[in-house]
Protein chains: 2
Amino acid sequence: MEEDVFKALADPTRRRILDELVERDGQTLFEICARLVTKHGLELSRQGISQHLAVLESADLVRSRRQGRYKFHDLNTEPLEHIVTRWLKRDTGGTS
Amino acid sequence: MEEDVFKALADPTRRRILDELVERDGQTLFEICARLVTKHGLELSRQGISQHLAVLESADLVRSRRQGRYKFHDLNTEPLEHIVTRWLKRDTGGTS
DNA sequence: TTGATAGGCAAGTGACGACTTGCGTATGGT
DNA sequence: ACCATACGCAAGTCGTCACTTGCCTATCAA
């Protein structure tokens with residue numbers, strides 16, 4: 001649902017997670033935890049981030065593949081590409 | 001702030017308001033009220049919409065100009081154009 | 001099997017957001 | 001002056017969201 005995409009993007013921590021994934025795809029939950037703490041100074045529990053990932057998954061912004069005891073998370077930018085053009089009907093090529 | 005833009009877009013009613021303004025710019029509060037009720041069947045008080053407009057204004061998605069006792073609201077799509085490209089680093093023009 | 005790692009589920013708390021209600025202010029018409 | 005229109009402010013309610021805590025499951029290594 002498009003609704004879920006906007007809600008998913010509303011939280012700054014989730015946007016940070018997307019930042020992390022666009023930089024390195026296929027990270028596990030613990031990797032994302034570690035990098036959010038060290039790089040951005042976020043103090044957040046593992047479950048907090050896990051729940052954020054669940055929200056991102058339900059918005060189809062993140063897809064996960066399970067491999068043994070690891071779960072890798074991949075970014076999916078496809079839902080992002082059309083949500084904004086909805087209001088950008090103004091022709092960007094018009095040279096008036 | 002970019003933060004405000006995402007928060008502003010998180011609410012479906014506010015997105016409807018943007019839909020209204022992209023269709024006809026420069027509407028007053030009462031016009032927006034009427035059209036949201038009649039076209040989308042939303043039952044919402046005037047203040048509800050007024051508060052939504054305030055949120056949209058603080059996100060610079062809507063700009064208002066006062067004229068007598070009327071206040072006209074104009075859509076400003078400029079904040080929308082760069083918020084998503086943040087995660088779209090994948091070259092869209094690459095013909096590999 | 002034991003123990004450590006990677007992750008999930010569920011309940012509870014605290015705060016923020018959406019919405020309403022009531023009253024107040026300014027502008028325009030007559 | 002009067003009244004109606006167009007809008008603003010402030011408090012209060014109610015639900016949802018972000019986050020934590022505690023416990024449980026599954027996979028791998030020794």
Side-chain angles (χ1 to χ4, degrees), chain A residues 1-21 24-38 40-59 61-74, chain B residues 1-21 24-38 40-59 61-74:
Chain A
M1 297 283 293
E2 190 170 273
E3 166 77 27
D4 302 324
V5 179
F6 288 109
K7 282 195 174 179
L9 292 177
D11 187 87
T13 303
R14 283 196 287 268
R15 295 197 295 272
R16 287 291 163 84
I17 293 176
L18 295 182
D19 289 338
E20 273 306 315
L21 289 180
R24 190 211 273 182
D25 228 15
Q27 296 190 54
T28 69
L29 172 60
F30 274 61
E31 285 177 305
I32 297 174
C33 278
R35 300 188 74 175
L36 284 182
V37 171
T38 60
H40 302 282
L42 293 188
E43 294 187 7
L44 202 54
S45 73
R46 177 179 58 86
Q47 276 76 2
I49 299 181
S50 178
Q51 289 167 4
H52 281 309
L53 283 171
V55 174
L56 290 170
E57 276 201 66
S58 70
L61 285 168
V62 165
R63 288 174 176 169
S64 61
R65 46 194 160 92
R66 190 118 205 186
Q67 207 164 357
R69 60 175 164 177
Y70 298 103
K71 188 181 178 187
F72 302 105
H73 301 273
D74 298 303
Chain B
M1 296 282 294
E2 190 170 90
E3 166 76 26
D4 301 325
V5 179
F6 287 109
K7 282 196 174 180
L9 293 177
D11 187 85
T13 302
R14 283 195 287 269
R15 295 197 295 272
R16 287 290 164 85
I17 293 176
L18 295 182
D19 290 339
E20 272 307 314
L21 289 179
R24 189 211 274 183
D25 227 16
Q27 295 190 54
T28 69
L29 173 59
F30 274 60
E31 285 177 305
I32 297 174
C33 278
R35 300 189 74 176
L36 284 182
V37 170
T38 61
H40 302 283
L42 293 188
E43 294 188 8
L44 200 55
S45 74
R46 176 181 57 88
Q47 277 75 3
I49 300 182
S50 178
Q51 288 167 5
H52 281 308
L53 282 172
V55 173
L56 290 170
E57 276 201 65
S58 69
L61 286 167
V62 165
R63 288 176 176 169
S64 61
R65 47 195 161 90
R66 190 119 205 185
Q67 205 164 358
R69 59 174 164 176
Y70 298 102
K71 189 182 178 187
F72 302 105
H73 301 272
D74 299 301

The reported gap from CG in A:L18 to OG1 in A:T13 (rounded to nearest 0.5 angstrom) is 11.0 Å
Exactly one of A:D11, A:L61, A:L36 clears side chain to side chain contact (heavy atoms under 4.5 Å, CB included) with A:I17, and that residue is A:L36
A:R69 CZ to C:dA6 P, in whole Å, measures 6 Å
In whole angstroms, the gap separating C1' of C:dG8 from CG of A:L53 amounts to 13 Å
Rounded to whole Å, CZ of B:F30 lies from P of C:dA26 at a distance of 17 Å
Would you say C:dG7 has OP1 or OP2 under 4.0 Å from some side-chain N or O of A:S50?
no
- Lys/Arg N to Asp/Glu carboxylate O, B:E2 vs A:R15, below 4.0 Å: no
B:L42 CG to C:dT20 C1', in whole Å, measures 16 Å
note: B:R66, atom CZ; D:dA6, atom C1'; distance rounded to Å ~ 8 Å
Here the gap from A:S50 atom OG to A:E57 atom CD, rounded to the nearest 0.5 Å, amounts to 9.0 Å
Separation of C:dG7 atom P from A:Q27 atom CD, nearest Å, is 11 Å
CZ (A:R46) and CZ (A:F30) are apart, to the nearest 0.5 Å, by 5.0 Å
- Query: Does C:dG8 have OP1 or OP2 sitting under 4.0 Å from an N or O in the side chain of A:K71?
  - Reply: yes
Whole-Å distance, B:Y70 OH to C:dG28 P, equals 9 Å
B:H73 NE2 to D:dA6 P, in whole Å, measures 13 Å
Side-chain donor/acceptor of B:E20 to backbone N/O of B:R35, under 3.5 Å: no
Under a 4.0 Å heavy-atom criterion, the protein footprint on nucleotides 18-24 of chain D, written with B, S and -, is SBBBB--
